[in-house]
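Here is the structure we will look at.
Each chain gets a letter, A, B and so on, in the order its sequence line appears, and its residues count up from 1.
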Protein chains: 2
Amino acid sequence: MNKTKQDIRKDQILDAALSVLVQKGYERSRMDDVVQESQLSKGAIYWYYKSKKEMYLDLINFWVLRYSVTLNHIVEEDAPPSQQLKDLFKYFIDQNESDPQPFVALTEFWSMAQKDPDFRKKLQKVYTHFLELIEEIIYRGVHSGEFKKVNGRITALSIMVNIESINWFTLFEAHGVSVTEYMETITDFILAGLLKKHEEKIT
Amino acid sequence: MNKTKQDIRKDQILDAALSVLVQKGYERSRMDDVVQESQLSKGAIYWYYKSKKEMYLDLINFWVLRYSVTLNHIVEEDAPPSQQLKDLFKYFIDQNESDPQPFVALTEFWSMAQKDPDFRKKLQKVYTHFLELIEEIIYRGVHSGEFKKVNGRITALSIMVNIESINWFTLFEAHGVSVTEYMETITDFILAGLLKKHEEKIT
DNA sequence: TAAAATAGACCGACCGGTCGGTTTATTTTA
DNA sequence: TAAAATAAACCGACCGGTCGGTCTATTTTA
């Protein structure tokens with residue numbers, strides 16, 4: 001797991017790429033911006049990536065990999081599904097608070113996905129995997145009797161969408177509602193819809 | 001309310017602009033594309049709009065105006081708030097089904113809002129107004145006793161986010177879940193969280 | 001073991017196409 | 001017939017990608 005020189009360079013490039021992407025978006029981001037931000041040269045960057053597009057596609061890999069470690073950990077931990085969901089929400093709230101850049105970048109990738117099939121396919125894969133994770137939690141909850149018998153796929157979709165709504169706060173004025181406050185309310189809201197009521201549990 | 005020649009021309013331009021925007025996104029959309037799509041000339045377009053940016057900013061106005069007619073109608077109709085919310089959801093589902101283009105364009109405007117303060121301000125205004133509409137419905141519901149005493153702003157935000165999630169389906173594969181099916185489930189979900197349970201109503 | 005050879009990493013000036021916007025000429029309208 | 005509207009040729013800043021070349025570290029050779 002120790003990084004080679006090449007991995008370090010790629011990190012260096014992708015760090016710069018993310019920063020530029022968030023500031024300017026895909027189209028307006030210049031390879032020369034990445035050159036400057038990364039303190040490397042154009043030649044160096046094109047040594048590691050054959051095109052602007054390849055570089056940004058790899059940026060998705062980079063972040064998926066980074067997040068998936070914790071995500072898998074949450075799913076595999078030995079906790080009641082309701083707690084797992086809470087952890088999931090909390091993880092994204094914390095991540096967004098400590099560094100919203102990847103979230104902002106996601107908006108840009110959405111926009112890219114609309115135009116470019118390669119970006120679409122890549123994002124599709126990311127989402128499919130993420131949805132499967134959530135669905136897994138839901139299934140366990142339903143199976144163990146903690147959750148109502150809901151449609152796992154639709155519920156997972158809904159949860160995912162609500163997590164993504166974190167982004168709304170990065171961009172717009174919410175008139176006095178904080179992200180944390182909002183997300184906590186949403187978490188309760190979703191869990192209220194999922195958890196069996198006490199009477200039902202007994203029967 | 002009858003349209004002048006100029007209004008017609010602007011419609012013609014903005015129709016083309018939307019079409020191009022959806023296909024290529026803001027940056028990759030060429031004014032020459034709009035020229036071709038609108039069957040006009042560059043001179044004509046720059047006669048009505050002083051820049052690419054102005055044109056696209058006006059595209060937002062165009063659609064806000066178009067939607068706001070029905071939206072206001074829904075809020076002002078004499079129906080129980082729960083029904084108003086259902087109508088709201090239904091309206092967007094129908095709109096998306098008959099023509100998803102404006103929804104796709106919204107993703108692009110999100111991306112624009114991140115980079116350009118003018119787009120951000122404009123979208124902020126749109127969202128603020130829309131949130132106020134929803135909040136108004138919520139308030140009435142709470143006041144009339146149909147709804148629980150929820151935080152109007154947060155609930156409105158949540159509803160809006162869920163409506164926007166329609167877009168997810170335009171872009172990605174949901175593995176067998178249809179937009180309509182999804183949205184109907186979500187509507188029920190939200191209303192379940194909002195409506196007082198029968199026992200509570202009686203007391 | 002010093003010189004020669006090779007490979008990998010990196011540099012940055014430069015080229016060629018692109019596209020928002022301008023200009024100028026022409027046609028339509030009132 | 002003057003103003004409004006439209007047409008289309010044109011300008012030039014801009015930027016992704018290229019390429020000849022350098023620099024450093026490792027390996028081979030004699």
Side-chain angles (χ1 to χ4, degrees), chain A residues 2-60 62 105 108-109 111-112 115-119, chain B residues 2-60 105 108-109 111-112 115-119 122:
Chain A
N2 42 6
K3 290 189 172 174
T4 65
K5 173 101 183 289
Q6 285 172 28
D7 287 336
I8 292 170
R9 272 282 181 271
K10 281 198 169 187
D11 283 6
Q12 195 178 350
I13 294 171
L14 294 180
D15 279 348
L18 176 64
S19 167
V20 173
L21 183 73
V22 166
Q23 283 174 59
K24 306 204 170 182
Y26 184 87
E27 297 293 344
R28 276 188 192 166
S29 73
R30 304 303 157 210
M31 289 309 269
D32 284 332
D33 296 333
V34 181
V35 167
Q36 213 178 6
E37 188 86 16
S38 66
Q39 310 258 42
L40 291 170
S41 68
K42 215 158 183 182
I45 289 169
Y46 276 92
W47 175 259
Y48 289 98
Y49 295 107
K50 76 165 196 275
S51 68
K52 181 181 181 180
K53 181 171 156 180
E54 274 231 336
M55 184 187 72
Y56 279 114
L57 279 171
D58 197 40
L59 183 59
I60 301 182
F62 182 77
E108 197 58 29
F109 287 128
S111 156
M112 290 310 296
K115 304 155 214 163
D116 190 311
D118 293 323
F119 278 95
Chain B
N2 43 4
K3 291 189 173 174
T4 65
K5 170 103 181 290
Q6 284 170 25
D7 288 334
I8 292 170
R9 272 282 181 270
K10 281 198 169 191
D11 284 5
Q12 196 177 351
I13 294 170
L14 293 181
D15 278 348
L18 177 64
S19 167
V20 173
L21 183 72
V22 166
Q23 283 174 59
K24 307 203 170 184
Y26 183 88
E27 296 293 345
R28 276 188 191 164
S29 73
R30 306 301 157 211
M31 290 309 270
D32 284 332
D33 295 334
V34 180
V35 167
Q36 213 179 4
E37 186 86 17
S38 67
Q39 311 256 43
L40 293 170
S41 68
K42 221 159 178 180
I45 289 169
Y46 275 91
W47 175 259
Y48 289 98
Y49 294 105
K50 75 164 193 277
S51 69
K52 181 182 181 180
K53 181 170 158 180
E54 273 232 335
M55 184 186 73
Y56 279 114
L57 279 171
D58 196 40
L59 183 58
I60 300 182
E108 197 57 30
F109 286 128
S111 156
M112 291 309 297
K115 305 154 214 164
D116 191 311
D118 293 324
F119 278 94
K122 181 141 263 178

Can you measure A:E54 atom CD to D:dG17 atom C1' for me and round it to whole angstrom units? 14 Å
Starting at OH of B:Y26 and ending at C1' of C:dC19, how long is that distance when rounded to a whole Å? 13 Å
On the side chain of B:K50, is there an atom forming a donor-acceptor pair with the base of C:dG21 - under 3.5 Å, no angle test? no
Length of the line joining A:E27:CD and D:dC14:C1', which is rounded to integer Å: 14 Å
Nearest-nucleotide wise, let me know which of A:L40 and A:D32 is further upstream toward the 5' end of DNA chain C. A:L40
Identify which nucleotide among D:dT6, C:dC10, C:dG20 has an atom closest to any side-chain atom of B:W47, counting heavy atoms from C-beta outward. D:dT6
May I have the distance from A:R28 (atom CZ) to D:dG16 (atom P), rounded to whole angstrom? 13 Å
Kindly say whether A:F62 contributes a backbone atom to a donor-acceptor pair with the side chain of A:K10 at under 3.5 angstrom? no
Donor-acceptor pair, distance only, cut-off 3.5 Å: does the side chain of B:E108 make one with the backbone of B:G25? no
Please state whether the base of D:dG17 and the side chain of A:K52 form at least one donor-acceptor pair under 3.5 Å? no
Side-chain (B:K52) to main-chain (B:Y26) donor-acceptor, under 3.5 angstrom: yes
Let me know the distance between NZ of B:K42 and P of D:dC11, rounded to the nearest Å. 14 Å
With both distances kept under 3.5 Å, what pairs with C:dC19, Watson-Crick or G-U wobble? D:dG12
Rounded to whole angstrom units, what separation is found between the CZ atom of B:R9 and the P atom of C:dT28? 12 Å
Can you tell me how far C1' of D:dT6 sits from NZ of B:K10, to the nearest Å? 17 Å
Quick one: B:Y46 OH to D:dA7 P, roughly how many Å, whole number? 16 Å
Student check: side-chain heavy atoms of A:M55 and A:V34 closer than 4.5 Å: yes
